[in-house]
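So the structure is just underneath, and the comments pick up after that.
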Amino acid sequence: MSDKNIVDSFIRVARIIANLDAILAEAKNLSLTAKNARVVALRAGDSASGFKPITNFIDEFSEQTIKTTTHISTLSNQLFKIALEAVRSTQFDIHVGDATILMSTPQLVTLQHKAKLDRQQQTKKLEIALLELESFFEEINKQMRSAEYIAVTSRVEASNAGEFSDSLQSVSDFIASAARTIKQSVTVNLNEIHTLRGTLH
Amino acid sequence: MKATQLYQAASHSWLMFGRDEGKPEKIIDTNQYLVKGKGQAVLLDPGGTELFSPMLAAILQHIELQELTTLFASHQDPDIISSLGLWDKALPGATLHAPWLWEGFIRHFGMSNIKYQGIKDEGGDIRLNDISLKLIPAHYLHSSGNFHVYDPQAKILMSGDVGAALEKTNAPIFVEDFGAHVKHMEYFHRRWMPSNRAKANWIARVKELNIEIMAPQHGRLFKGEAVTEFLEWFAKLDVGIAT
Ligand SMILES: [Fe+2]
Ligand SMILES: [Fe+2]
């Protein structure tokens, strides 16, 4: 990892964290929508009986998404620390390398060896953290795919809900669009992570 | 990096490192001092990040890395201690003596292994086995939390930015003609030093000491008569001119 790559990786981590906020906000909206939809479904009574399990389902996965996102948030903050350690050990390795160019003593050679090892370890740590992060994002993507499926199903149920049809229809639309937005943010983040992992080699 | 021996005794020795020819042009040239005791050494004002590699290479010609147990920072400036983040990796077990006032600031240079030993306003000392270096308060000269190092046995005063001169990298080690040297120091002291009161206070304190060499962090060192000449010149100088 060169100096330029180090700075780039910081920017990437910052971008991932900024995107997380957008995902979290959208997941919270989803959870709120699920609660509202349940109230509407309750009022619609028998005509919307097919809608009730759907609202429960939405509620469940939006909670899950919030949980996963919060977990990612914690991980990303650690990511900054891990990235900083990787930067420091990389710089240390570079500086010790410069010293050995000026003068190569057995002591400096040993120190350089240590610096290299430390740099490798810190880079490895960063790599592991990124892998973990990646799996979390993939998890969210899975959740969003089921959200899209629910949106389709709920659209069918909404059309049978008589006078409540319109408001339940808009719930379905909202779920579909929220899932799309979240998936987009996740795609951006997965790309950032891939690039970041690429620079570590 | 050039190394010059300032003092040599059975108990310990003083080495000055500076006049680094590989230094980038726009960076102020600095003097670093290594006091080497038996199996233990202290590096006074280790220098900036840019200096870490040449300093490391130079120091290892004189001591083993594990002997460097102690660092000292006279104040918080980047030319004094911005290399800390790198030393922190090289010397994870070391202790840094620096003004208590600057701890929260100096830690910004990156310090997760080295221990910070805050120096109280009234001063203190650094002990290396059987030798003891006195930490002399030099607050507001120029930093608001600032110390110099005095070695009563070697009669050396490491005077930080006091006595500093802005000169070329190839300048001689010692001041030979004080009158001719003034032009390299005058603006620095008048502009960087903020307080006439602090200055007078410091001069009174330093006059009590028996000084053979006064060793600033920039430029030439003062020896014998030149030390007295400096103190007399500094006493008359009006500082804090940018008000
Ligand atoms: Fe300074
Ligand atoms: Fe300085």
Side-chain angles (χ1 to χ4, degrees), chain A residues 1-11 13-14 74-129 200, chain B residues 1-3 15 17-24 27 32 34 36 39 41 43 46-69 71 78 81-94 96 106-114 169:
Chain A
M1 195 162 48
S2 72
D3 270 6
K4 166 89 175 69
N5 281 341
I6 291 165
V7 176
D8 278 354
S9 37
F10 267 121
I11 296 169
V13 171
T74 326
L75 194 69
S76 304
N77 286 328
Q78 284 168 3
L79 204 66
F80 259 135
K81 264 195 207 135
I82 296 169
L84 184 64
E85 263 318 303
V87 167
R88 290 223 170 110
S89 50
T90 301
Q91 276 168 350
F92 183 62
D93 186 30
I94 293 169
H95 278 92
V96 173
D98 289 347
T100 44
I101 292 167
L102 291 170
M103 203 200 49
S104 183
T105 66
Q107 269 206 78
L108 266 178
V109 173
T110 313
L111 193 63
Q112 167 109 76
H113 186 73
K114 262 198 225 157
K116 278 235 146 45
L117 219 65
D118 186 43
R119 178 182 182 167
Q120 276 162 9
Q121 274 167 0
Q122 299 300 343
T123 311
K124 187 93 205 154
K125 257 192 210 162
L126 185 57
E127 216 168 322
I128 290 167
L200 297 182
Chain B
M1 184 70 68
K2 230 160 83 176
L15 280 160
F17 297 93
R19 314 293 191 261
D20 182 31
E21 276 161 13
K23 166 190 86 62
I27 288 180
Q32 290 70 233
L34 183 77
K36 182 188 160 197
L43 184 58
T49 306
E50 294 286 339
L51 237 67
F52 174 79
S53 306
M55 274 307 290
L56 183 64
I59 283 176
L60 289 182
Q61 296 184 42
H62 302 276
I63 56 167
E64 299 286 321
L65 194 59
Q66 62 269 21
E67 288 179 80
L68 190 50
T69 54
L71 300 175
I81 189 68
S82 68
S83 58
L84 183 62
L86 295 164
W87 287 114
D88 188 67
K89 291 226 169 257
L91 313 167
L96 169 71
I106 285 178
R107 282 186 181 274
H108 274 280
F109 290 127
M111 201 175 104
S112 37
N113 299 310
I114 288 179
T169 314

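Naming convention: chains lettered A, B, ... in sequence-line order (proteins, then strands); numbering from 1 in each chain.
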query: How many angstroms lie between atom CD1 of B:I59 and atom CE of A:M103, to the nearest 0.5 angstrom?
result: 10.5 Å
message: Ignoring hydrogens, what is the shortest heavy-atom contact between B:L86 and A:F92? Give both atom names and the distance.
response: O-CE1, 3.3 Å
- prompt: With only heavy atoms counted, which part of B:A90 is less than 4.5 Å from chain A, the side chain, the backbone, both or neither?
  reply: both
field: From A:L111 atom CG to B:L65 atom CG, the distance as rounded to the nearest 0.5 Å
entry: 6.0 Å
Exercise: identify the closest heavy-atom pair between B:P54 and A:L102: CA-CD1, 3.4 Å
Between chain B and chain A, are any donor-acceptor pairs under 3.5 Å, and how far apart is each one to 0.1 Å?
unit_1, atom_1, unit_2, atom_2, d
B:S53, OG, A:H95, O, 2.7
B:E64, OE1, A:Q107, NE2, 3.1
B:L65, N, A:Q107, OE1, 2.8
B:K89, NZ, A:E85, OE1, 3.2
B:K89, NZ, A:D118, OD2, 3.3

